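To keep things clear, I will list the structure first and then write my remarks on it.
Just so it is clear, the structure is predicted and the values come from calculations on it, not from any experiment.
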Amino acid sequence: MKKIKVMSVFGTRPEAIKMAPLVMELGRREGLESICCLTGQHREMLDSVMQAFGLQAQYDLDIMERQQTLSTITTKTILGMDRVIDQAKPDLILVHGDTSTTFAGALSAFYHKIPVGHVEAGLRTWDKYSPFPEEMNRTLVGDIAELHFAPTRANADNLRAEGIRGEIFITGNTAIDAMQTTVKERFTFEDPLLNTLDFDAKRVIAVTCHRRENYGEPMRNIMRAIREVVDRHPDTEAVYPVHLSPAVRECAREYLSGHPRIHLIDPVDVLQMHNLIARCHLVMTDSGGLQEEAPALGRPVLVMRRETERPEAISAGTAKLAGVEYEPIVSMACELLDDPEAYRTMARAVNPYGDGSACKRIAQAIEWYFGLNEQRPADFVPGDHN
């Protein structure tokens, strides 16, 4: 029997973390042929994830260039995908989330009349400029896709409210699947500084901050707030793997360098990041993925953004929206560090994002769509499998 060719297209570190376990799950299915195509939108950080999961791509567009723009990413991806699609002839193209690679990959599939599966579908802020360009990327992909793999019921409801065509599946988030293989009880960090930290004696705060919409005053507020929180709590240390963006690195150096308990390190791979989260006390971030990953490890999350497309974490109590102003960020962080009950309440909350079986549900949905099995996968329900 001819196998169904499923091509997974991704190009950034966050996409790779969430797609890697799915690529591997698809490869284990007898009726499916799993093909991996990288765009290389983020080169170094993408490669480190592929190495961590032991994956090798069949195709690599290698589009990254110095001072690349959204336009160059999109056009180079579409042109590169023309050649790959003609050669590989996939039956289904999977894209993930909301990057420029996601939109360009889906658009290219549409031009070739190949059905699209959208992994992590249905996230919305309802503000097309925040996050930019992610909100419009995922919205446009929603109009193109035939299969929508929504992590939560709220995400699925967003799609139905928009009148989205195609099949909608509630799967949980593949990020939780990834953490089942990356987090280890005994782990040696590649960054030597992380191996010197005493996670038992000190309360370590894991920090990330890189979003484009936070450039400028919001990012300066965030950096000032982090320094103040650490200053007020002598038993804390902050670890900040600083994004490669020059704007982010300059701001981090200006406000956080030189502090003996704030450690600015180079970006770390997925294995190091997940194991850092597993050992830290608190996460302060403007990342999307960490809002999903940290609660799976019982770590409270302060989201340093004006809004989030992941409101389930706020509703479940695993995360709080701290905004981008100095005072609220300091106040919320200090509450979690000063009030043990407030901390325990967040740490014990049920993770709304998955049970580690999202990849299996997606693979089953693909098999069902192509008639390889008759059983449509049951929807993920938080708490049922935790």
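- Under the 4.5 Å side-chain heavy-atom criterion for Ile, Leu, Val, Met, Phe, Trp and Tyr, V330 and L256 are members of the same hydrophobic cluster.
- A donor-acceptor contact closer than 3.5 angstrom links the side chains of T285 and T208.
- When I314, L302, V301 are each tested for a side-chain contact (heavy atoms from CB on, under 4.5 Å) with L321, only one passes: I314.
- Atom CD of E341 has more than 12 heavy atoms from other residues, nucleotides or ligands within 6.0 Å.
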Would you check, one step at a time, whether the test ring-ring contact (aromatic ring centres under 6.0 Å, His included) holds for Y343 with H281? CA-CA 9 Å; Y343 180 89; H281 184 77; 4.1 Å; yes
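- Annotation for E250: atom CD does not count as buried by contact number, only 12 or fewer foreign heavy atoms lying within 6.0 Å.
- Applying the 6.0 Å contact sphere to CZ of F110 captures no more than 12 heavy atoms from other residues, nucleotides or ligands.
- Residue pairs that meet the side chain to side chain donor-acceptor pair (under 3.5 Å) test with at least one member in residues 289-300, sequence neighbours left out, are K18-E292, N173-E292, H274-E293, Q291-T308, E292-R310.
- Using a 4.5 Å heavy-atom threshold, the side chains of V270 and F53 count as touching.
- Looking at every heavy atom in both residues, I262 comes nearest to R227 through CD1-CA, 3.9 Å.
- Using the six-membered ring where Trp is involved, Y129 and F132 have ring planes that are tilted, between 30° and 60° apart.
- Cluster annotation: M81 and F103 are assigned to the same hydrophobic cluster (Ile/Leu/Val/Met/Phe/Trp/Tyr, side-chain heavy-atom contacts under 4.5 Å, transitive).
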